[in-house]
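Inspection log for the structure reproduced underneath, given as structure tokens.
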Protein chains: 2
Amino acid sequence: MKHPKKKRVTLQEVAKHAGVSTATASLVVRNNPRISDKTRKIVMNSMKELGYVYDRVAANLRSQSSNTVGVIITDISNKFISEFLVGVHETLEEVGYTVLLGTSFDSLAKQDHLLSTMLEHRVGGLILDPVSGSNAETVNRLNQMNTPMVLAVRELPEVKSDYVGINYRKGSLMATNHLIDKGHKRIAFLGGVRTSSTWIERMDGYQYAHDNAGLIIDNNLVVDSPPTREGGLEAVLQVLRNPDPPTAIFCFNDLVAFGVMQGLRKEGFNPGQDIDIVGFDNIPESDVYHPPLTTVSSFPRLTGIEAAKLLHQQMSNDSHEQQRLILEPELIVRESA
Amino acid sequence: MKHPKKKRVTLQEVAKHAGVSTATASLVVRNNPRISDKTRKIVMNSMKELGYVYDRVAANLRSQSSNTVGVIITDISNKFISEFLVGVHETLEEVGYTVLLGTSFDSLAKQDHLLSTMLEHRVGGLILDPVSGSNAETVNRLNQMNTPMVLAVRELPEVKSDYVGINYRKGSLMATNHLIDKGHKRIAFLGGVRTSSTWIERMDGYQYAHDNAGLIIDNNLVVDSPPTREGGLEAVLQVLRNPDPPTAIFCFNDLVAFGVMQGLRKEGFNPGQDIDIVGFDNIPESDVYHPPLTTVSSFPRLTGIEAAKLLHQQMSNDSHEQQRLILEPELIVRESA
DNA sequence: CTGAAAGCGCTTACAG
DNA sequence: CTGAAAGCGCTTACAG
């Protein structure tokens, strides 16, 4: 876990080689304009000659600053999250931060551990896609350390923090309305973790659409599961055992929808014809599924970009008021419904 | 880019509060058995009471060690790479490393910049999925710094380093043979960057299969492109303009295959019936495509795990001989060919 | 515009 | 088993 390295060339050595003081050399590395061009060149030369590599760690320690940002996500395999990460990462690198990545694999214990590690590494800020069921307490440690943070994707009810996410409720409302408009009365809602804010919000929209249409929800048609392909597969198998199965399915996300399609085929149904399906996320592959998936587009990359921007704002402004950014989704109608 | 933080509680303060010397407190934090249980408890208490957070950065500086590892990848959106990253990340976190993530977005300049940044951050080791066209010189900077490194996914001819990757040649051979066995004589090879080792190796296998069968390759059927869905789409449109179009297509990877399918449909062909298609990678979604994709499984996650293990070995053993690990692929026959 | 000295928060010999 | 002091590689006032 530890590994001693060949001795680095230090700034002192560079300074000595260039015949200046360490302070001067330090100013040169940091491009301070107060150094004459002549001196600067001499020092730069010495750096090149000796193969000097700036030690950002020592610099950060001394100046009590940080240019690293921690990013903790739940699961890279999830396309929504990986696209989110692209947005975050791209934006953060642009502004010059280096990112410490942590994956919680949806485990609260791992997330806790990662939070600690990040703090120990003196991150200047943190972007957190929290595990469902994260408690405020865990996260408030960050506030205590005065570390800027933005929460993304999943909102934590009791946590005071910047947040950027999707208007899941509206997306779910649009999806369910679409199915109702097509004449469906028995619409299942499959997948997702019942305690997560993302599930609850989708449930809200699903409920609201039913209420509006004067329909009542059959609770046997609401089956939760991990938000994965496997989860979708299991959920649909369960719901099909129902004596009165659904005629349409609203899926927690596109991954779940794939699993659902697989399950339907396995049971002899033809997805998109016998049973309509709507997904959520509009991951890039959803339009090459079989059949192409009707889904709700939720702009993961943009979510990441905005989260990174918000964090950057927080880190550069001392007086920063809390922000909450909710992106509006869009219904993409394809062949599955 | 910099951000001053509230003053941290230091180990000195803890020591004073506990009535011991800093050295003793330090030994406690690091779980040194040489400290009596009684003293340990007192110190632990003080830490809790004061809200102490270990400063790994200061510790690493002083002890000239590092428990961070840099991971530079080309593109998170690419499912092969993101799965690879999962493997790397999971393994690295298990052994207690924290990962600094960099994405080169396939730009040589960005990769160079990231390498510098990682060195400046004193990473203890590095896993590099190099941009195609990376030159040895760039990478050898690491060797100069004596930083352990393992190359993954793409091999760099002139670079001496551990490497873990896939036997692309064999995978490509299997895929092409499969198409030849089905009676195809005009097999296109679409997508991928012509200068990358991954492309060259696939080309080798494709060539070899043709030679074996006494077939000759029509160079008009070999079209390179970025290894993305968009790239596949463009490549197939180009190859279809051919007066004598192919009857089967071997795709650089599954993403390219999706693009190819889309392109075929757009031009009125029915993928898997009019024209057979084989992909490469076996990404999780490939079996829910339309039609389910015949492809070569290349174990991205395992690749990541092995890369991380190799790096860990290098970092913990001083005498480490160079290793080259090549994973064997597998043909997955589904409906597209 | 440049230099000498102190200090960021730890760990590391060295004594005892 | 514990303590006092030096030092990792930088930056930061403070002088000049």
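Chain naming here is simple, since letters A, B, ... match the order of the sequence lines and numbering starts at 1 in each.
If you measure from atom CG of A:Leu61 to atom C1' of C:dG7, you get 9 Å, rounded to the nearest angstrom. With rounding to whole Å, A:Lys41 atom NZ is found 14 Å from C:dT2 atom P. The interatomic distance linking A:Arg40 (CZ) with C:dT2 (C1') rounds to 14 Å, in whole Å. A:Met47 places its CE atom 17 Å from the P atom of D:dG9, with the value rounded to the nearest Å. We find that CD1 of A:Ile35 is positioned 7 Å from C1' of C:dT2, with the value rounded to whole Å. Between A:Glu120 atom CD and C:dG9 atom P the separation is 15 Å, expressed in whole Å.
For B:Ser46, the side chain to side chain contact (heavy atoms under 4.5 Å, CB included) criterion is met by B:Val14, B:His17, B:Ala18, not counting sequence neighbours. Residues that satisfy the side chain to side chain contact (heavy atoms under 4.5 Å, CB included) test with B:Ala58, not counting sequence neighbours, are A:Leu61, B:Asp55. Here B:Ala136 pairs with B:Asn140, B:Glu158, B:Val159 under the side chain to side chain contact (heavy atoms under 4.5 Å, CB included) rule; sequence neighbours left out. For B:Ser197, the side chain to side chain contact (heavy atoms under 4.5 Å, CB included) partners are B:Arg154, B:Glu155, B:Glu201, not counting sequence neighbours.
Contact between the side-chain N/O atoms of A:Thr24 and the OP1/OP2 oxygens of C:dG3 is found at a separation under 4.0 Å. In this structure, A:Gln64 does not reach the C:dG7 phosphate: none of its side-chain N or O atoms is under 4.0 Å from OP1 or OP2.
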Exercise for the section: Begin with the C-alpha distance, continue with both residues' side-chain angles, and end with the deciding distance and a verdict on side chain to side chain donor-acceptor pair (under 3.5 Å) for A:Gln322 and A:Asp162. Expected result: CA-CA 5 Å; A:Gln322 200 171 308; A:Asp162 278 11; 5.8 Å; no
Exercise for the section: Assess whether side chain to side chain donor-acceptor pair (under 3.5 Å) is satisfied between B:Thr39 and B:Ser36, documenting all intermediate values. Expected result: CA-CA 5 Å; B:Thr39 312; B:Ser36 69; 2.7 Å; yes
Exercise for the section: Tell me, with the steps shown, if A:Asp106 and A:Thr74 meet side chain to side chain donor-acceptor pair (under 3.5 Å). Expected result: CA-CA 5 Å; A:Asp106 254 311; A:Thr74 45; 4.7 Å; no
Problem - Residues B:Ser134, B:Gln111; criterion side chain to side chain donor-acceptor pair (under 3.5 Å); working and verdict - result: CA-CA 9 Å; B:Ser134 304; B:Gln111 176 176 286; 3.0 Å; yes
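Of the possible donor and acceptor atoms, none in the side chain of A:Glu83 sits under 3.5 Å from a partner among the backbone N and O of A:Pro300.
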Problem - Secondary-structure notation, DNA chain D, from Watson-Crick and G-U pairs under 3.5 angstrom (| other strand) - result: |||.||||||||.|||
Exercise for the section: Assign a letter to each nucleotide of nucleotides 10-16 of chain C from its 5' end: B, base within under 4.0 Å of a protein heavy atom; S, sugar-phosphate only; -, no contact. Expected result: BBB----
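Counting any heavy atom pair closer than 4.0 Å across all strands shown, B:Val57 reaches no nucleic acid atom.
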